[in-house]
Amino acid sequence: MPLSKTLDILQDCERRGYAVGAFNINGLDQPQHLIKQAEKLGSPIIMVEPGVIEPYVDFEDFALVTARAAKKASVPVGIHLSHGLDLEQVERACKAGFTSVMYDGSKLPYEENVRNTKIAVALGKRFGCAVEGELGALGSSFVDIKETMTDPEQARDYVARTGIDILAVSVGNAHGFYKGTPNLDFGRLAEIRRALMTYNCHLTLHGGTGIPADHIQRSIQLGISKICIYTEMCHVGKKNVKEYLQKNPEYAGNFDIPEMIKSVMDGFASAEADCMNMFFSTGKCGTVQTADAIPQNTDLGPEYPSLPALNPGYHSTGGYWDRNL
């Protein structure tokens, strides 16, 4: 099955009442392991470049290795840029052949977020790439998420004015581990879905780690079609490494480091399988109507790492590819 368009996967999610897992990549050995697990379960999958790994993984290598693994897969695989903090990152991902990109202007003033997201959408259309935006900043373990939730009427205005394909919502979800038990605002999520009923826009939930299965599944019933997972995979992977080192404290032969890395990948794959079962995506790979025409772009754009990658505190001024900003 060829590399699949993210929108083809999301449309099938909505038709058949499941969500696709969007899993962050933090190393070049990870794509093949996650895709192999997806093939075992017969599940679509989205591979995610989280927008902040460039100091550790070369962007061109990520794009080429992940696309190659996706094209060899027997299940639908999309490639997504998450939390692109400026339009330079968005354009670069489009040119690299990603099937969807996220421009995250949620921390900017609303009108600036709208203005920049419209440019991102134009870039996406130029390269046949779906575009995700965010409205209502996600919380974190250091932020009161009650103050950052998405307003349904503002969501309607945002989608209408930008033309985005995917909207990341804030309904009590947060990145990282939660303080206490997550409490999603299902009433707000239902209002957002109703507000967007006349638009062809899919909803995504970031910060899926730690949300109880029944809350995840209720959010799917209310319109969530993509769920982002990373922290849980890292947690299980780290646990596996600790167990491996306890069993092999002194070994320093030819295969100890590869075997240790494999234990991390096995942990990632185990968490991935749990998510796919929870998201109802297992066995759904044969229902995705995939398009053969994924743009093949060889011009990967400007030098990387980008400004946000080099400086996590960087605040985009709304320009892109402008080294004088």
Side-chain angles (χ1 to χ4, degrees), residues 19-83 140-141 174-178 206-213 216 226-279 281-283 285 309:
V20 63
F23 302 97
N24 283 13
I25 302 298
N26 58 18
L28 297 182
D29 48 357
Q30 195 174 337
Q32 62 178 333
H33 285 271
L34 296 186
I35 290 174
K36 184 177 180 181
Q37 182 68 284
E39 289 176 325
K40 288 181 181 178
L41 297 176
S43 173
I45 183 173
I46 294 177
M47 316 295 287
V48 178
E49 198 283 280
V52 292
I53 64 169
E54 290 85 4
Y56 313 104
V57 178
D58 182 83
F59 187 86
E60 287 87 347
D61 289 346
F62 168 84
L64 294 173
V65 169
T66 306
R68 182 174 183 270
K71 290 171 185 175
K72 294 169 60 179
S74 61
V75 297
V77 180
I79 304 179
H80 180 74
L81 171 71
S82 189
H83 295 289
S140 71
S141 57
H175 290 299
F177 287 116
Y178 289 82
H206 289 244
T209 293
I211 298 178
I216 287 285
K226 176 169 77 72
I227 301 175
C228 303
I229 296 288
Y230 181 58
T231 304
E232 179 63 21
M233 292 196 306
C234 292
H235 175 70
V236 180
K238 186 175 182 179
K239 177 175 176 289
N240 279 13
V241 169
K242 288 182 177 179
E243 293 175 354
Y244 176 84
L245 293 175
Q246 287 175 352
K247 294 177 182 177
N248 304 276
E250 303 296 337
Y251 182 65
N254 290 338
F255 304 108
D256 59 342
I257 297 300
E259 286 297 320
M260 183 181 69
I261 293 173
K262 182 179 180 299
S263 73
V264 177
M265 295 299 104
D266 288 345
F268 283 5
S270 174
E272 171 196 1
D274 290 342
C275 289
M276 287 177 167
N277 287 323
M278 182 167 48
F279 301 165
S281 70
T282 57
C285 68

E243/K247 ion pair, N-O < 4.0 Å:
no
Would you check if the side chain of N24 reaches a backbone N or O of V48 as a donor-acceptor pair within less than 3.5 Å?
no
Does S270 use its side chain to pair, donor to acceptor, with the backbone of G267 at less than 3.5 Å?
no
Side-chain heavy-atom pair M260, V241 within 4.5 angstrom cut-off:
yes
Would a 4.5 Å heavy-atom cut-off, applied to side chains only, mark P44 and V20 as touching?
yes
Measure the CZ-OG distance between F279 and S43 for me, rounded to the nearest 0.5 Å.
9.5 Å
Please name all residues satisfying salt bridge (Lys or Arg N to Asp or Glu O under 4.0 Å) with D266, sequence neighbours left out, ordered by chain then number.
K262
Is any side-chain heavy atom of F23 closer than 4.5 Å to a side-chain heavy atom of M233?
yes
Any donor-acceptor N/O pair, Y244 side chain to I261 backbone, under 3.5 Å:
no
Between E39 and S74 the two heavy atoms that sit nearest each other are OE2-N, 2.8 Å
Can you check whether V57's main-chain N or O pairs, donor with acceptor, with D61's side chain at less than 3.5 Å?
no
Where do A19 and S281 come nearest, in terms of heavy atoms and distance?
O-CB, 3.4 Å
How long is the gap from CG on L41 to CE on M276, to the nearest 0.5 Å?
6.5 Å
Roughly how far, to the nearest 0.5 Å, is the NE2 atom of H235 from the CG atom of N240?
10.0 Å
Side-chain heavy atoms of I45 within contact of E272, under 4.5 Å
yes
First locate atom CD of E250, then atom CG of D256, and finally report the distance between them rounded to the nearest 0.5 Å.
11.0 Å
On a heavy-atom basis, the closest approach of A73 and I35 is CB-CG2, 3.6 Å
Can you name the nearest heavy-atom pair linking A38 to V75, along with the distance?
O-CG1, 3.9 Å
List the steps and the verdict of side-chain contact (heavy atoms from CB on, under 4.5 Å) for L34 and F268.
CA-CA 7 Å; L34 296 186; F268 283 5; 4.1 Å; yes
Mind checking whether M265 and Q30 have side chains closer than 4.5 Å, heavy atoms only?
yes
Any sub-3.5 Å donor-acceptor pair from Q37's side-chain atoms to A269's backbone N or O?
yes
Rounded to the nearest 0.5 Å, how far does NE2 of H206 lie from NE2 of H83?
4.5 Å
Establish, from distance only, whether the side-chain atoms of Y230 and N26 form a donor-acceptor pair under 3.5 Å.
yes
Quick one: pull up CD1 in I46 and CD1 in I79 and give me the separation to the nearest 0.5 Å.
10.5 Å
